[in-house]
2 protein chains.
Amino acid sequence: MTTANSSVIEVAQTSISRGDRKLRTRAHLLAAALQLMGEGRGFGALSLREITRTAGVVPASFYRHFRDLDELGLALVEESGVTLRRLLREARRTGLPPRDILRRSVQIFRDYINAHRLHFMFVAGERSGGSAVIRAAVRAEERHFTDEMAHDLRQLGLLPDLSTPTLQMTCGLVVTTMMNAATDFLDLPPRQPKRESEITENFIRQLRLIFLGARAWRE
Amino acid sequence: MTTANSSVIEVAQTSISRGDRKLRTRAHLLAAALQLMGEGRGFGALSLREITRTAGVVPASFYRHFRDLDELGLALVEESGVTLRRLLREARRTGLPPRDILRRSVQIFRDYINAHRLHFMFVAGERSGGSAVIRAAVRAEERHFTDEMAHDLRQLGLLPDLSTPTLQMTCGLVVTTMMNAATDFLDLPPRQPKRESEITENFIRQLRLIFLGARAWRE
DNA sequence: TTACTGAGTGAACATACGTTCACTCATGTT
DNA sequence: AACATGAGTGAACGTATGTTCACTCAGTAA
């Protein structure tokens with residue numbers, strides 16, 4: 001027929017640019033690492049070979065994209081940070097729900113976690129254990145998230161009596177509680193609505209208690 | 001001189017019983033695993049051989065004590081659970097400090113963490129990431145800790161207006177915050193009193209906010 | 001004193017690992 | 001049309017891994 005300008009195994013691909021192809025493989029490597037971690041092991045327990053194997057690439061190709069596993073890990077932290085911040089951005093765009101603010105926010109959060117399971121698993125898993133360099137990066141990303149949340153709360157006029165440091169401290173507490181709830185949600189076996197609503201209710205009550213405390217706070 | 005009844009490399013040891021010797025090696029294996037994790041990697045990133053190497057034993061000996069690494073991990077969880085609960089037990093024995101309850105409790109907690117760094121590193125690190133079976137065991141141990149704390153608070157007559165489920169929810173929040181602070185303390189480079197007191201103050205303020213919220217709570 | 005038990009040994013195995021290297025060959029540049 | 005680039009390849013390397021096995025030889029029980 002026409003000129004056969006595609007390789008045998010990539011029949012459906014008509015002329016991807018060189019740079020795009022590279023980005024695609026890089027994305028495959030990142031996705032492979034996330035997928036393997038999703039199967040229940042920390043980042044530190046992954047091997048370069050199984051990542052490339054899962055990504056459908058030969059081991060040596062890895063070095064075209066990352067110097068070593070740590071560099072791949074840091075890229076994952078950045079990617080996850082974007083996912084984290086998008087949650088706040090969407091909340092900002094949507095605005096606060098008119099009624100049942102906490103409950104609805106938690107439901108949105110629960111859905112968001114499930115839509116980005118692997119990123120949250122990664123962040124929740126590496127924020128405490130594992131390698132020091134990755135943990136530091138995660139904590140930094142988490143602090144940006146906290147700061148942005150504090151900024152948003154200020155903008156919304158919530159908790160107007162709190163000083164900025166106190167607002168930040170409060171948001172830190174919220175984020176810690178959130179990450180904890182994320183682990184709970186992600187550990188939940190599928191089709192367990194009973195346990196799921198227990199976790200949801202517990203999370204809502206903890207947030208309610210935090211905001212009660214923030215309202216009662218006097219500098 | 002007298003009868004040479006000790007091996008060459010264990011000169012100082014005079015006749016340890018067979019069972020005790022076994023327990024000793026087992027303890028060496030557990031300590032080796034903790035030590036390696038203290039050098040900055042998750043439990044899942046440890047290998048059987050380096051654990052036995054660190055413990056000063058041949059790899060095959062491992063199987064005299066544990067079926068596999070997971071079993072060693074579960075033993076560590078139990079050991080750490082004991083350390084956790086001892087904190088509560090000592091607090092119960094000592095009684096509450098008369099003044100500055102929160103600040104003094106946090107100082108005691110900070111000292112306790114530093115006296116048991118490896119156990120807290122292990123618990124904080126494996127409570128979210130890593131292997132599912134170990135994480136589950138850690139969370140169970142953490143729940144026992146939470147329940148015991150709730151029981152103690154009740155006994156002390158603190159927060160008498162809270163229902164038991166609410167008290168439990170509150171203690172869950174305290175424990176989560178505590179584990180988070182533990183990670184912060186443990187990540188601290190030594191000789192950084194500035195950062196250390198920042199973390200301490202932040203932790204105190206978060207606890208104060210939680211108890212403020214608990215006082216304001218209405219069922 | 002004799003016999004038994006079992007914690008710890010040392011060697012061997014099949015596999016998996018990280019890293020290197022010279023290579024191909026589609027894409028981009030001249 | 002001829003050339004240069006560099007992402008991806010496949011093979012090779014030395015090393016580390018988990019597990020097995022028959023063994024030794026203190027400590028225990030008979």
Side-chain angles (χ1 to χ4, degrees), chain A residues 2-33 36-37 39 41-73 75 131, chain B residues 2-33 36-37 39 41-73 75 131:
Chain A
T2 65
T3 55
N5 62 345
S6 343
S7 81
V8 179
I9 57 173
E10 282 288 359
V11 182
Q13 280 306 347
T14 48
S15 75
I16 290 184
S17 96
R18 215 133 118 88
D20 288 354
R21 169 85 63 180
K22 174 160 188 184
L23 284 177
R24 222 169 67 101
T25 304
R26 193 187 126 103
H28 283 162
L29 289 168
L30 292 170
L36 288 166
M37 278 187 276
E39 291 166 9
R41 14 222 286 281
F43 175 74
L46 300 184
S47 80
L48 183 148
R49 287 185 101 106
E50 66 181 339
I51 291 175
T52 57
R53 206 182 302 129
T54 305
V57 186
V58 103
S61 293
F62 182 90
Y63 299 100
R64 300 283 182 201
H65 303 272
F66 307 102
R67 187 198 311 277
D68 51 26
L69 280 173
D70 266 2
E71 201 168 292
L72 181 277
S131 124
Chain B
T2 65
T3 56
N5 62 345
S6 341
S7 80
V8 179
I9 59 174
E10 285 285 0
V11 181
Q13 279 306 345
T14 47
S15 75
I16 291 185
S17 96
R18 216 134 118 89
D20 287 354
R21 169 84 65 179
K22 173 161 188 184
L23 284 178
R24 220 169 68 102
T25 304
R26 192 187 127 105
H28 283 162
L29 289 169
L30 293 170
L36 288 167
M37 278 188 276
E39 292 167 7
R41 10 222 289 280
F43 175 75
L46 300 185
S47 80
L48 183 148
R49 285 184 102 106
E50 65 181 339
I51 290 175
T52 57
R53 206 181 303 130
T54 305
V57 182
V58 105
S61 292
F62 182 91
Y63 299 100
R64 300 282 182 202
H65 303 273
F66 307 102
R67 187 198 310 279
D68 52 25
L69 279 172
D70 267 0
E71 202 169 292
L72 180 277
S131 126

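Convention: sequence-line order gives letters A, B, ...; per-chain numbering from 1.
Heavy-atom distances to DNA chain C give each of G56(B) and L69(A) a nearest nucleotide, and the one nearer the 5′ end belongs to G56(B). Judged by closest nucleotide on DNA chain C, S47(A) is the one of R64(A) and S47(A) placed further toward the 5' end.
L48(B) places none of its side-chain heavy atoms less than 4.5 Å from the side chain of F66(B). A heavy-atom distance below 4.5 Å is found between the side chains of S131(A) and D70(A).
For the OP1/OP2 pair of dC17(C) and a distance below 4.0 Å, the side-chain nitrogens and oxygens of R53(A) include at least one atom meeting the criterion. Within the structure, every side-chain polar atom (N or O) of T25(B) is placed at least 4.0 Å from both OP1 and OP2 of dA7(C).
Protein atom CZ of R49(B) is 12 Å distant from nucleotide atom C1' of dT20(D), rounded to whole Å. The interatomic distance linking I16(B) (CD1) with dG27(D) (C1') rounds to 12 Å, in whole Å. In this structure, R24(A) places its CZ atom 20 Å from P of dG6(D), rounding to the nearest Å. Atoms CZ (F66(A)) and P (dT19(C)) sit 14 Å apart, rounded to a whole Å. Distance, I51(A) CD1 to dC17(C) C1': 13 Å, rounded to whole Å. For the pair F62(B) CZ and dT20(D) C1', the computed distance is 16 Å after rounding to whole Å. Look at CD on E50(A): it is 14 Å from C1' on dT17(D), rounded to the nearest Å. Distance H65(B) NE2 to dG6(C) C1': 11 Å, rounded to the nearest Å.
Residue V58(B) is in base contact, counting any heavy-atom pair closer than 4.0 Å across all strands shown. Contact annotation for S61(B): base contact, defined as any heavy-atom pair under 4.0 Å involving a base atom. Across all strands shown, Y63(B) has heavy atoms under 4.0 Å from base atoms, whether or not it also approaches the sugar-phosphate. Within 4.0 Å (heavy atoms only), R67(B) reaches no atom of the nucleic acid at all. Nucleic acid contact for R26(B): none, since no nucleic acid atom lies under 4.0 Å from a heavy atom of the residue.
The listed nucleotides are dG18(D), dG8(C), dC21(D); the one nearest the side chain of L48(B) is dG18(D). With distances taken from any side-chain atom of V57(B) to the nucleotides dT9(C), dT19(C), dT9(D), the minimum falls on dT9(C). Closest contact between the side chain of A60(B) and the listed nucleotides dT17(D), dC17(C), dC21(D) involves dC21(D).
For the atom pair E39(B) CD and T54(B) OG1, the distance stands at 7.5 Å (nearest 0.5 Å).
Contact annotation: side chain of R18(A) to base of dG28(C), donor-acceptor pair absent below 3.5 Å. Side-chain atoms of R21(A) stay outside donor-acceptor range of the base of dT27(C), with no qualifying N/O pair under 3.5 Å.
The side-chain hydrogen bond (donor to acceptor under 3.5 Å, both in side chains) check on E50(A) picks up R41(A), with sequence neighbours excluded.
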Item to check | F62(A) and R49(A): CA distance, side-chain angles, deciding distance, side-chain contact (heavy atoms from CB on, under 4.5 Å) verdict | outcome: CA-CA 9 Å; F62(A) 182 90; R49(A) 287 185 101 106; over 6 Å; no
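Considering every non-hydrogen atom in both I51(B) and L72(B), the closest pair reads CD1-CD1, 4.5 Å.
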